[in-house]
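Have a look at the structure below, then the notes.
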Amino acid sequence: MPYEEDDVTRLIMDTHDKAAFARLAHMTVGQFRDWLLSHEADTATLSAVAPGITPEMAAAVSKVMRNQDLMAVARKIRVVTKFRNTIGLEGCLTSRLQPNHPTDDLKGIAASTLDGLLCGIGDAVIGINPATDSVANGLALLDMLDHARQQYDIPTQTCVLTHVTNTIEIMNRGGAVDLVFQSIAGTQKANEGFGVTLPILQEAYEAALSLKRGTVGQNVMYFETGQGAALSADAHHGLDQQTVEARAYAVARAYNPLLVNTVVGFIGPEYLYDGKQIIRAGLEDHFCAKLLGVPMGCDAATPTMPKPIRTTWTP
Amino acid sequence: MSADITKLPSANGQSVTGKDDWQPLRQYTRARIGLARSGNTLKTPDVLEFQAAHAQARDAVHTPLDVACMEQAMAGAPFLRVNSRAPDRSTYLRRPDFGRRLSEESRAALPKGAWDVVFVAADGLSSTATQQGAVPLFEAMRERLTDWQIAPLVVATQARVALGDEIAQTMGAGMVVVMIGERPGLSVADSMGVYLTYAPYVGCADSSRNCLSNIHPHGLSVQAAADKLAWLMREARHLKLTGVGLKDAAPESAAIGNVDRLS
C-alpha cells in the first residue's frame, strides 16, 4: 500500500517510533514470536515497545502463533483507558450494554437497559445502534440515556452509534455526547466507503475533548472494526483481511480511544464462515490490537440482545 | 426494606413473590429481557427457544426466494428476473464479489429506458423478508411517486446491494432502490433493508447510499418506510446525490411506524 496513495500508510509510517522499534529491529518474524512469549517481554516491556510495532508486524507474527500463544501474550499486555470509569485493569472484564430496539422505542430501550444493568452489563458503555440514523433521533436517544445515567448516578458512559458526521452535528446542537462512535478500516479507500476521513475523525475527536465530560479521564472515542470490512468495500488492495484489519488499529491508536470493538463475525459468513474461524479471528484481533496499544474488545452476542442493526456494512 | 423493593424486577427474572415481574416490560420490546436462571445460566425453555431462533435464522439464509409466489403477488404486472454471477447459495456466501455483478445472460436481457428509478427485490440473506415486504413496498411507492417514470420491478437472486448499481446502469435508470433481506438475527429473521443510490454505477461507494433498515411486522411498517423513502427520493432528486451528504431529516410523523414511541 504505497505511502503516496494511502493516508493510513502515511499515518503508520509518520507515527512509527524508531527508538521503540530499535530493540525489535534485528528479529525475524519467528524470533519476534519467541521474544513475545519469553519472560523478558513482561507487561512494562510490551507497553514500551508498542509504539515501535506496526500493524503489519503484528499481523505477521500472529500468523505463526497458535491460539494459546495469542492468549498468552495478550494477557500480559495492559491497555488502560478512562472516561467516567477505568477500563482494562487486570482481572476486570467490562461489557457494553446494547439496548437496541427496531423502532428506537424509548420504553423498549429503557426495558432492555434495566435488564442489562441488573445483569451487571454496561460499564464499558451503554450504546445504542439506532434504527433511524438521523440527527434528531440521535439527540432524543442521547438525551434519554443521559437522563437515566444522571438520575441513578451510574458510573459509565453512553453513546448512540451514528455516523461521525451526525455526531459532530449533534455536538454542535449541544447534545449529550460522551463518546464519538465510528466504524473504521485499514485503508483510505475503505474509510471513504464508510464516509469518513482522518481529518473528519480529528475534528470529531477535538470537539468531544472540548466538552470535557469525562470525570476520571478523557478517552472520548469508540471505534468498531472487523475482518472483512475492507474486502466488503472492495478496498483491500489485495491485502489479506487480517493484515488490513490490523491497519485499522493504527487509525484507532491515533485518537486515544476509550474502546475499540472488533465485531468479529458480524459482517457475515462470506468473511468468517463458521465458529472456528470466528474464534481464531477474535483472538487474532484481540492480540494484534493490544500489541499495538489499542483497548480491544470483541462482540459477543448474548440472548438478551436483539439483532444488531446494520448501520455500517452494506450486505 | 420498603415494600416497593419487592415490586422491582430482580436480576434472575423472578421476584420474591414468585411472579414474573418482567411481564409488564415485555410489551415494549421483543428483546429477551428478564430471563430466569438455573444457577449461572439460563432455564431450559429459554435455551431451547434460543436454539430454535438460531435455527430459524440459519434457515432464512438458505431458503431460496419463491419467485413464483412473488409473481402471483404482482398480479400480472410486468417484472424482470435476473441472477448474479453466483450460481448457487454456497458460492454466494463465499464470494461477495459474484453477488454484486449480473450474470452475462441477465445483463443481456435487461431492457433500456428513460426511467427515473428502478426498484430491485433482492433475496440477500433472508428471502423470507424480501418475499414478505418487497412487493407491498413497491406498490406503496408507485402510489406515492405518481409523477415518476418507474421501471418494471426487477427480481434478483443470489444478490447483494451493489447488484442494483449494474442493473440501474444497464437499464439507464437515474436512481436505484434495492429492497433486500437483511442478515437474520435472533429476534427477527424476516427483516428487510432498503438501499437508495442516486446515479449508481458499478463500483460506486457504499457511502453514497441511504439505508432504511428493520422493515418487518414488528419493526418499521411498509407504509412508514414508504413515506420516508419517498421523502429521501425527492430530496435525492433535488440535491442530485445520496449517501452521507443526504441527511435523513424526514418529518418524525412520517419516519416512525410505532406511535407508542411518542407517548
Side-chain angles (χ1 to χ4, degrees), chain A residues 98-112 114-120 131-137 140 163-166 169 189 191-196 228 231-235 266-271 273 301-315, chain B residues 9-11 22 25-26 28-35 42 46 50 61 92-97 99-100 124-125 160-162 180-188 191 193 195 203 205-207 209 211-214 216 218-220 243-244 247-250 252 255-258 260-261 263:
Chain A
Q98 185 175 325
N100 296 349
H101 188 279
T103 57
D104 292 329
D105 179 271
L106 295 181
K107 286 181 183 171
I109 288 169
S112 286
L114 176 63
D115 182 58
L117 289 171
L118 286 169
C119 291
T132 303
D133 206 10
S134 71
V135 169
N137 189 50
H163 194 267
V164 62
T165 55
N166 283 345
E169 179 60 25
K189 189 180 172 195
N191 283 322
E192 283 165 0
F194 287 143
V196 63
L231 176 57
S232 79
D234 193 26
F266 175 78
I267 310 181
E270 55 273 41
Y271 306 102
Y273 192 70
T302 81
T304 56
M305 293 176 189
K307 180 185 119 165
I309 295 160
R310 185 187 304 278
T311 53
T312 47
W313 282 282
T314 303
Chain B
S10 65
W22 282 92
L25 293 179
R26 289 204 180 93
Y28 300 118
T29 180
R30 297 185 83 216
R32 293 169 171 81
I33 58 171
L35 300 186
L42 301 174
D46 292 327
F50 181 82
V61 170
Y92 171 81
L93 290 177
R94 289 178 173 83
R95 292 296 303 263
D97 51 335
R100 299 193 187 108
L125 289 169
R160 292 182 186 275
V161 171
I180 190 165
E182 294 175 351
R183 187 176 70 84
L186 291 169
S187 297
V188 179
S191 181
Y195 290 81
D206 287 334
S207 56
R209 312 185 196 285
C211 172
L212 299 175
S213 64
N214 267 286
H216 57 88
H218 298 279
L220 192 62
V244 292
K247 291 297 179 203
D248 172 7
E252 199 69 346
I256 305 299
N258 187 350
D260 189 40
R261 182 174 186 278
S263 62

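Keep in mind the model is a prediction, meaning the values are calculated, not measured.
With a threshold of 4.5 angstrom between heavy atoms, B/His218 approaches chain A through N, CA, C or O but not through any side-chain atom. Using a 4.5 Å cut-off between heavy atoms, A/Glu192 contacts chain B through its backbone alone, with no side-chain atom that close.
Closest approach of B/Ser213 and A/Ala131 over heavy atoms only: OG-O, 4.0 Å. Closest non-hydrogen pair, A/Ser112 versus B/Ala31, comes out as OG-CB, 3.6 Å. In plain terms, the two heavy atoms of B/Tyr28 and A/Lys107 that are nearest each other are CE2-CD, 3.3 Å.
Among A/Gly193, A/Ala110, A/Gly195, the residue making the largest number of heavy-atom pairs under 4.5 Å with chain B is A/Gly193. No other option in A/Val196, A/Asn166, A/Asp234, A/Ile109 has as many heavy-atom pairs under 4.5 Å with chain B as A/Asn166.
Taking 4.5 Å as the limit, some side-chain heavy atom of A/Asp115 sits within range of a side-chain heavy atom of B/Trp22. Side-chain atoms of A/Thr103 and B/Asn214, non-hydrogen and from C-beta on, never get closer than 4.5 Å to each other.
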